[in-house]
Amino acid sequence: VQLQASGGGVVQAGDSLRLSCVASGRTFSSNVMGWFRQAPGKEREFVGGISKSGSSKGYADSVKGRFTISRVNSKNTMYLQMNSLKPEDTAVYYCAAKPLPTYSPGTYYTAQNEYDYWGQGTEVTVSS
């Protein structure tokens with residue numbers, strides 16, 4: 001699986017952005033997907049995860065209520081809608097995928113080491 005993240009940019013506090021992650025191949029719907037971010041000088045952290053069908057989602061406490069993760073399997077695409085952005089959301093955002101061939105409709109992962117494939121990252125800068 002190859003992943004291409006896009007949609008980053010420079011915005012002001014309170015603005016919104018939507019990130020996209022497009023996956024290559026025909027098995028996108030068999031992958032659990034996730035978003036992570038890495039701020040300057042900090043370790044990469046979990047942002048949100050979504051199950052294969054999109055029925056289950058989970059978020060980091062720092063973004064809960066502001067960010068929404070979604071996916072359209074027919075388009076091989078995952079999204080991260082980010083609203084009410086704050087300067088502390090400034091980071092490089094990465095999408096990640098984990099193939100999960102078993103029937104696990106509600107499973108998503110929060111740990112980085114669960115994911116097998118990573119995109120190149122898209123940078124988000126939020127100014128105050």
Side-chain angles (χ1 to χ4, degrees):
V1 178
Q2 291 186 319
L3 305 173
Q4 180 75 37
S6 63
V10 180
V11 297
Q12 293 188 329
D15 285 350
S16 298
L17 272 179
R18 188 177 78 159
L19 306 184
S20 299
C21 175
V22 179
S24 64
R26 297 176 292 178
T27 60
F28 178 74
S29 60
S30 297
N31 286 267
V32 170
M33 301 294 296
W35 285 102
F36 291 79
R37 68 185 182 186
Q38 187 167 19
K42 295 187 177 181
E43 295 186 352
R44 190 160 57 184
E45 64 177 5
F46 170 76
V47 174
I50 187 167
S51 63
K52 293 188 294 184
S53 68
S55 61
S56 293
K57 307 171 188 181
Y59 301 93
D61 288 343
S62 58
V63 306
K64 203 170 292 184
R66 299 187 297 122
F67 289 13
T68 302
I69 190 171
S70 61
R71 64 189 295 164
V72 179
N73 286 343
S74 62
K75 295 184 177 181
N76 282 15
T77 303
M78 174 180 65
Y79 303 98
L80 184 68
Q81 178 66 43
M82 306 187 294
N83 297 331
S84 302
L85 283 162
K86 303 176 181 179
E88 50 264 45
D89 294 319
T90 294
V92 177
Y93 284 71
Y94 299 89
C95 56
K98 177 183 175 61
L100 192 63
T102 59
Y103 179 71
S104 305
T107 299
Y108 62 88
Y109 299 102
T110 62
Q112 294 183 55
N113 59 11
E114 292 284 359
Y115 290 87
D116 299 308
Y117 301 98
W118 292 83
Q120 86 293 355
T122 184
E123 190 167 3
V124 174
T125 302
V126 185
S127 61
S128 57

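Please read these numbers as outputs of a predicted model, since none were measured by experiment.
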Exam field: side chain [X] to backbone [Y], donor-acceptor pair closer than 3.5 Å:
| X | Y | value |
| --- | --- | --- |
| Lys98 | Tyr109 | no |
| Asp15 | Val126 | no |
| Arg66 | Ser84 | yes |
| Ser55 | Ser53 | no |

Of all the heavy-atom pairs spanning [X] and [Y], show the shortest one and how long it is.
| X | Y | result |
| --- | --- | --- |
| Ile69 | Lys57 | O-NZ, 3.1 Å |
| Gly34 | Met78 | O-CE, 3.4 Å |
| Val1 | Ala23 | CG1-CB, 4.1 Å |
| Tyr108 | Ser51 | CB-N, 3.9 Å |
| Tyr117 | Pro99 | CE1-CG, 3.6 Å |
| Gln112 | Glu45 | NE2-N, 4.2 Å |

Point to revise | Parallel, tilted or perpendicular: rings of Trp118 and Phe36 (30°, 60°) | key: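 Plane angle between 30° and 60°, so tilted.
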
[atom1] ([X]) with more than 12 external heavy atoms under 6.0 Å:
| X | atom1 | value |
| --- | --- | --- |
| Gln81 | CD | yes |
| Gln12 | CD | no |
| Lys42 | NZ | no |

Following the transitive rule for hydrophobic clusters with a side-chain heavy-atom cut-off under 4.5 Å over Ile, Leu, Val, Met, Phe, Trp and Tyr, establish whether [X] and [Y] coincide in one cluster.
| X | Y | value |
| --- | --- | --- |
| Tyr59 | Val124 | yes |
| Tyr93 | Val22 | no |
| Met82 | Tyr94 | no |
| Val47 | Val92 | no |
| Val32 | Tyr79 | no |

Once you round to the nearest 0.5 Å, how far does [atom1] of [X] lie from [atom2] of [Y]?
| X | Y | atom1 | atom2 | answer |
| --- | --- | --- | --- | --- |
| Ser24 | Leu3 | OG | CG | 7.0 Å |
| Ile50 | Trp35 | CD1 | CH2 | 11.5 Å |
| Thr122 | Arg37 | OG1 | CZ | 14.0 Å |
| Leu80 | Met33 | CG | CE | 11.5 Å |
| Gln38 | Thr90 | CD | OG1 | 13.5 Å |
| Ser70 | Arg18 | OG | CZ | 7.0 Å |

Review point. Is the closest side-chain heavy-atom distance between Ser20 and Ser6 below 4.5 Å?
Key: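 SC-SC contact between Ser20 and Ser6 confirmed.
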
Practice item. State which residue, out of Leu17, Leu85, Leu19, fulfils the side-chain contact (heavy atoms from CB on, under 4.5 Å) condition with Phe67. Key: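 Filter result, single survivor: Leu85.
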
**Study point:** Sidechain N-carboxylate O distance under 4.0 Å for Lys86, Asp89
**Key:**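 Asp89 and Lys86: not salt-bridged.
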
